[in-house]
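Okay, so here's the structure we're looking at.
Below, chain A is the first sequence line, B the second, and so on; all start at residue 1. Every value quoted in this text rests on a predicted model; they were computed, and no experiment measured them.
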Amino acid sequence: MQRIFLFLIFLAATVNLVGVFQPEIGFDALWYHLTIPKLYLAWQDIRFIPGGLLYYSAMPKLGELIYMLFGANDTIAHLINWGFGVGTVIVIRKISKNWLAPLIFYVTPLVGWLSGSAYIDLIRTFFEVLAFYFITKNKYLSSGVAIALAIGTKTFALGSIPVLGILILLKRGNLIKFLTPAILLSVPWFIVSYLWTGNPLSPIGSLTVPYGLPNPLNLWRLFTTSPDPISPIYLIILPFIVTKPYVFLTAVLWLFIPRTDWGRFILPYLPVWAVFASQIIIRKKFLIWVAIFISVVNIGYRIIAQQKIIPYLLGQVTKTEYLCKNLDFDTSVFADCDGWFKAHLTSSDMVLVSNVHNLYYINFPFVHESWYAGEKYNYILTYNKEMDKTLIYQNDLTGMRLYAN
Amino acid sequence: MDYNVYDEAVKVLFSGGNPYLHLITMPGPFNYPPTVFLFISFLQNRLIFDILSALAFFISIFLLTNKKFFVSFFLFFVSLLIFFPYKFNVGMGQINNFILLFVVLAYYYNPFFLAYAISIKLTPIIFLFYYFIKKDYKKIIIVLTLCLILYAMSLIIVPFDFQKIYFLDVFWRAFGTGGKEVYYNQSLAGLLARSNTSFLFYPLTILLLFVTYIKGKKLKRERVFSAVTCLMLILNPIAWQHQFVFAIIPLILLFNLNKKLVLAVFFLLAWNFKQPDLVPKELSSHQFYGVFILWMLAIFGGKSTKLIGIIGTVGIIGVYLRFLICRGSFCF
């Protein structure tokens, strides 16, 4: 059986690797995960980006800084995430000592999708499971370092400090050893945020997010009809593992997180859930076959979902053609679909970008209205906005309009 | 208020009108059989109706628990507090508690009570299947004969011309296809309608009846009776939540078979979602799941837990697969 599990993991990793080479089209990735490091590189400076667009620049951004080190290139960012996904598999294997737990985690469609995207959730997931692994080995200092890195990747990982802290107390472990690096290494992010914005957790507290009372029924929705699918095997096994303190505490924690997303916010806890699930499944032949069946279905689903990349990978369509076919232009994303900007704008031009949301693919010098500080510009780029100026260019597909200033 | 329906039907009838054409203030015609007047004509005071209804529920529990007073009182008190079907039943002024009592009396004492229950509401007719499984054909004939006698008696107070309208028109309206998907309908048909798989109703009905018959032949009578009670709720095309007071029969009779499971089922049955629109549709059939688990327990006994686990697993995978397929633009 272990060979079958390993084979399926390899198959899933291969399918996920194909996804690495697709051009980035994810909303958040084009909004800030890739755009912020790209701007830092252009400015040769790491700073808070004021205004109403890139306010996430005040948050911990270890993932984005890693992208920056590699040129804020979308393919390399994908490869980094794919690597962290595989790294997570290895850590799960070390905890569970079988290949079933890594399989349960890795074939989750959400993991497949994130392996080929520039979202930073797999990086956080890796550090979270690493922190748990170190607790199992009584290495509390290392665990604290790992959770600090998770917090440096995403602020929500702060919630893992009490969860892991409780686990350490239950084990009668050394809580101070865990908390010291966890706090010392993560606090600088919040000090910087405070110095930049006056709010250590900015933009948390200044955004309007959908928030209501925790609804346990959302756990059902999460594992059956989440916008980013998650294996139902967790739901099937949940009644048997919910009594595990880690599972219970993280499920409750997830219920309290605002519903701006579903699967991505539970993902960092799923590796450990998978470990506990595998301990139940491995004892029941029926459940082993269920796990294999779901794995095959999920891998098949990922293969079908990635079919659209094939023409691009075979060189039958260019990156621009791929982007212009698959980007959601209703979200106000820039793409130079007809190559006009590349052909007509030079490095001496300066464009004021107004009401365009996702800037990653902008290929000319620009300043966005949200951080505009009196720079001289000779063009104004808008998204479907009419202005009382000379219209130089417009594109009906992308909604981009360029005016002369 | 269902009580108002009975009340107005009696008032219309005894003032010379035909309740199968219209009532006074309540919408639609009266949709119970003419024989029901042999019962509701005596209950023209809401307070007395409610007290007798509660008493009927208590006596049913008392009989089902082998006349253990304190246990019965405890169960009655718990039901009063948290068992939604009972609360719904009393709140609406429904007659299910009386029918429950007659069914239980028929089980313990005399088939006459089953005939009386059937004359009030047709659904308990499924208990003839219980006699059929137990090969007690004599009782089937007795019940049917008594039903005919009760029907003949109903002609004394409900003129034949009135009854004709019931049998030719009103009766058939119950077989309409609409309205099954609402949350309050917790039958198999409700579950299937909510998941757009109504085509499965008849195959599953045949399967459930077949399995009950085959397995029931070798089972003790309380398990067969419990299974048939569950079938009454499962197979009724429209089983409103208040009808689930009948689930008290298998809940009590099967308790010793698997205490933890029955307790869990009790909460499934007792629950009510105040805002069902906000609940995932797969979870809004909780009372159906409750009686289905009881049916499994009655039929399969010790093996039922494993089978329930398998069916649950297959169900969850089905929901997930359907979701994945739907993401591929093939929704059903």
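When each of V297(A), I236(A), I233(A) is checked for a side-chain contact (heavy atoms from CB on, under 4.5 Å) with I317(B), only I236(A) meets the rule.
Contacts of F293(A) with chain B are made by side-chain atoms alone, with heavy-atom separations under 4.5 Å and no backbone atom involved. Using a 4.5 Å cut-off between heavy atoms, I310(B) contacts chain A through both its backbone and its side chain.
L324(B) is listed as a side-chain neighbour of P229(A), based on a closest heavy-atom distance under 4.5 Å.
The side chain to side chain donor-acceptor pair (under 3.5 Å) contacts involving residues 75-91 of chain B comprise N89(B)-N96(B), N89(B)-N97(B), where partners must be two or more places apart or lie in separate chains. Every pair tested for salt bridge (Lys or Arg N to Asp or Glu O under 4.0 Å) that includes a residue from residues 224-233 of chain B fails, sequence neighbours excluded, so the list is empty.
The environment of F27(A) atom CZ is dense: over 12 non-hydrogen atoms of other residues, nucleotides or ligands sit within 6.0 angstrom. Atom CZ of F286(A) sits in a crowded spot, with more than 12 heavy atoms from other residues, nucleotides or ligands closer than 6.0 Å.
Of all residues spanning residues 208-231 of chain B, none has a heavy atom less than 4.5 Å away from chain A's heavy atoms.
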Any idea which donor-acceptor pairs are under 3.5 Å between chain B and chain A?
residue, atom, partner, partner atom, Å
L278(B), O, R221(A), NH2, 2.2
E282(B), OE1, W220(A), NE1, 3.0
Y320(B), OH, N298(A), OD1, 2.6
R327(B), NE, Y301(A), OH, 2.7
R327(B), NH1, P227(A), O, 2.4
R327(B), NH2, P227(A), O, 3.3

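Ranked by heavy-atom pairs under 4.5 Å with chain A, the first of V319(B), V314(B), L283(B) is L283(B).
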